[in-house]
There are 2 protein chains.
Amino acid sequence: MIAGVPINRGGNTGEAGVTVLLTQLTKGIYRRTSEAELGMRLKDFVALAYMRAHSGISQHELGEAIGVDANNLVILLNELEETGWALRRRDPDDRRRHLVDVTSKGAAALAKAEGAITLVEDEVLAALSASDRATLARLLAKAMDRVPVGAAQN
Amino acid sequence: MIAGVPINRGGNTGEAGVTVLLTQLTKGIYRRTSEAELGMRLKDFVALAYMRAHSGISQHELGEAIGVDANNLVILLNELEETGWALRRRDPDDRRRHLVDVTSKGAAALAKAEGAITLVEDEVLAALSASDRATLARLLAKAMDRVPVGAAQN
DNA sequence: TATTGTTATACTCTATAACTATA
DNA sequence: TATAGTTATAGAGTATAACAATA
């Protein structure tokens, strides 16, 4: 008791939930990366990496997948087009849609950023063995395979 | 080629990196939680959960662990004290420091929020078996055990 | 002189709403 | 009438800098 206010004792004192751990780990990566080292912002990296893995995806689907609202994605893709890293083209089958792709120049920038990201991941995941890291990557991929991040709808 | 700009073809098209996956998963959780369902904000949850697991931790250490800058932590803890969920007291051995704790009231609110968080985690991690989830939680805890998130220093 | 915490402020990121065009 | 994308704006979140108290 401090000043008459009861303090929590005992009960659940360990076992941090997945949400807390994911938050910590993600923040750890974000705080250790810098635009200078990556050659791009982390949000550029995430968008380009997803676009490379899903060539010709629609702008809308991209936003759903990486959790960026449609309006913010417009701005992000504008910037990626200005740097020459990505391209939008109209979907001939549905002229409302934009199909997005990484350019060769974007792929080169992405590859460079991946080198820098790997160093950060090595640091943040230093406590894990190579086998542990492979398992972690596999489980994360499996979890994301089914469920979209879910961008807000208008 | 589109308008003379070369598109990236082939090369790395799968295997999303850990950073991208962690970003997606964490965003997925954040987007699915609401203050109404949790009874608190997610940042309150993260702070309280860490404080409960590390009773009597200093304010500075808490900020390091959960990746909240010292100035923002002041505001967050002010709010947690106003709601009666946390307490600060001076460290008698070093009167510059504040030691923080979850109150019994805070522990009750935290337990309620954990119920809501668990439902969200169930949804986001639906593709994983119970065994997979346990492994994921173990690996995340192992990774975080060593490396602090690293709040910015003044 | 360095550290902990605080305050004030500026900046970035994200979300909300209204609009255009296509279906 | 609904969907994809855009624009403008407001709000939340986060970082930077200067300061007070204590070591």
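Each chain gets a letter, A, B and so on, in the order its sequence line appears, and its residues count up from 1.
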Quiz prompt | Test side chain to side chain contact (heavy atoms under 4.5 Å, CB included) applied to B:D132 - qualifying residues, sequence neighbours left out | solution = A:L139, A:K142, B:L128, B:S129
Quiz item: Any side-chain N or O of A:R88 under 4.0 Å from OP1/OP2 of D:dT6?
Solution: yes
Quiz item: Out of B:T118, B:V124, B:L125, which residue meets the side chain to side chain contact (heavy atoms under 4.5 Å, CB included) rule with B:D122?
Solution: B:T118
Self-check item: Partners passing salt bridge (Lys or Arg N to Asp or Glu O under 4.0 Å) against A:E37 (at least two apart in sequence or in another chain)
Solution: none
Practice problem: Taking side chain to side chain contact (heavy atoms under 4.5 Å, CB included) as the test, write out the residues that go with B:D91, two or more places apart. | Solution: B:D93, B:D94, B:R97, B:L99
Quiz item: Counting side-chain heavy atoms from C-beta on, which of C:dT7, C:dA15, D:dA15 comes nearest to B:R31?
Solution: C:dA15
Quiz prompt | Listed nucleotide nearest any side-chain atom of B:D69, set D:dA15, C:dG5, D:dT6 | solution = D:dA15
Practice problem: Could you tell me which residues satisfy side chain to side chain contact (heavy atoms under 4.5 Å, CB included) with A:T26, sequence neighbours excluded, listed by chain and number? | Solution: A:Y30, B:L22, B:T26
Quiz item: Considering only C:dA15, D:dA4, D:dA15, which nucleotide approaches the side chain of A:N72 most closely?
Solution: C:dA15
Self-check item: Residue B:K27, side-chain atoms from C-beta onward, closest of C:dT14, D:dA4, C:dT6
Solution: C:dT14
Self-check item: Sequence-distant partners of B:R41, salt bridge (Lys or Arg N to Asp or Glu O under 4.0 Å), two or more places apart
Solution: B:D44, B:E79
Quiz item: When you check the phosphate oxygens OP1 and OP2 of D:dA4, does a side-chain N or O of A:H60 lie under 4.0 Å from one of them?
Solution: yes
Listing time: all N or O pairs from protein to nucleotides 21-23 of chain D that are below 3.5 Å?
{"residue": "D:dA23", "atom": "OP1", "partner": "B:R95", "partner atom": "N", "Å": "3.0"}

